[in-house]
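What you see is a predicted model, and the numbers here were worked out from it, not measured in a lab. Computed from heavy atoms alone, side chains included, the values below leave out hydrogens, waters and symmetry copies. Remember, it's 1-based here, ligands and their atoms both numbered in the order they're listed.
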Amino acid sequence: MIPRVYFVGTAGSGKSTLVSSFKEWLENMSYDAITVNLDPGAEFLPYTPDIDIRENISLESVMQNYNLGPNGAQIVAADLMVQEVERIKELIDSYDSDYTLIDTPGQLELFAFRGSSTQLVTALGEESNALIYLFDSVLMKNPESYVSSKFLAMSVMTRFYIPFLGIVSKSDLLEPVERQNIERWDRNKNEILEDLRAKSAKLNLQLSEAILGGSESLNILGESVFTSSESDDGMENIYSFLQSLFYGSDDLEKR
Ligand SMILES: Nc1nc2c(ncn2[C@@H]2O[C@H](COP(=O)(O)OP(=O)(O)OP(=O)(O)O)[C@@H](O)[C@H]2O)c(=O)[nH]1
Ligand SMILES: [Mg+2]
């Protein structure tokens, strides 16, 4: 089965741009990927999706048909997506590509916490899935939101039993010292707890320690990969992760 790679992250974390730039990167390396847009509310996409949920479900039509505002319509659209699974699956299977890159809705909680999405991920194929979780660099550079971001990622991971890679997106927006801080915090939770204490941050330190301790002892998040759609930083790391997961250590045959 052609691997399905889901790009998941908070609103504006760079999912759609990464789907676009990673596809381009793969193509430049002579590998082949198709793109799937699962965001019914996307107004603009930086790529032309091969498969697009908006062909059958658009936020605009859900708002009209169900007499809802944009937020209510997002919820209904997320649930309606399950009805599209067979069509999407058939379409994906009709392509002969190395990877299927799947862009998910901006509202992370809709994709991550509603049963319809886990159903959809399962139905699209259980064995060959991976999830790229985008940590927005803007939210990772200060210690308080670093902890909240890790917590959110962990709660998303409780919903999906699939291999995942945590990446810090838009790395070109980080100053070198900000990047070093994130690397330092990733390596050792005591470093971030020290920095939080030093800032006398208004954050529940006990709770933060428990969250970070859980992440560390379960080894679920580990060290982040930094990526940028501007500079192509980290594209190789995403590829290596997927490659060893799906194809062993062998390189794909170039097309
Ligand atoms: N500097 C920089 N900007 C980026 C990068 N990736 C995305 N952006 C910008 O960040 C903004 C959001 O990017 P999107 O790709 O639309 O993010 P998204 O997660 O798909 O957004 P939603 O689907 O609306 O949640 C856009 O203005 C992008 O141009 C990056 O690597 N570097
Ligand atoms: Mg998007």
Does an N or O from [X], backbone or side chain, lie closer than 3.5 Å to an N or O of ligand 1?
X	result
Ser16	yes
Leu18	no
Gly14	yes

Using a cut-off of strictly less than 2.8 Å, determine whether Thr17 has an N/O/S atom near the Mg ion (ligand 2).
->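 It does not; every qualifying atom lies at 2.8 Å or beyond.
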Taking atom 7 (C) of ligand 1 as the point of reference, which of Asp233, Thr17, Asp103 owns the nearest heavy atom?
->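 Nearest option to atom 7 (C) of ligand 1, by heavy atoms: Thr17.
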With respect to atom 31 (O) of ligand 1, which of Ser229, Ala42, Ser21 exhibits the smallest heavy-atom separation?
->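 Comparing heavy atoms across Ser229, Ala42, Ser21, the nearest one to atom 31 (O) of ligand 1 lies in Ser229.
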Can you find a side-chain donor-acceptor pair between [X] and [Y] that sits under 3.5 Å?
X	Y	result
Ser145	Asn142	yes
Gln243	Tyr31	no
Thr227	Asp233	no

Heavy-atom distances under 4.0 Å are what count here, so tell me which part of Leu134 touches ligand 1: side chain, backbone, both or neither.
->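 Neither part.
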4.0 Å heavy-atom contact, Ser169 with ligand 1 =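 Heavy atoms of Ser169 never come under 4.0 Å of ligand 1.
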Min heavy-atom dist Ser13 to ligand 1 below 4.0 Å =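 Yes.
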Quick one: list whatever passes side chain to side chain donor-acceptor pair (under 3.5 Å) with Ser16, sequence neighbours left out.
->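 Ser16: side chain to side chain donor-acceptor pair (under 3.5 Å) contacts with Asp103.
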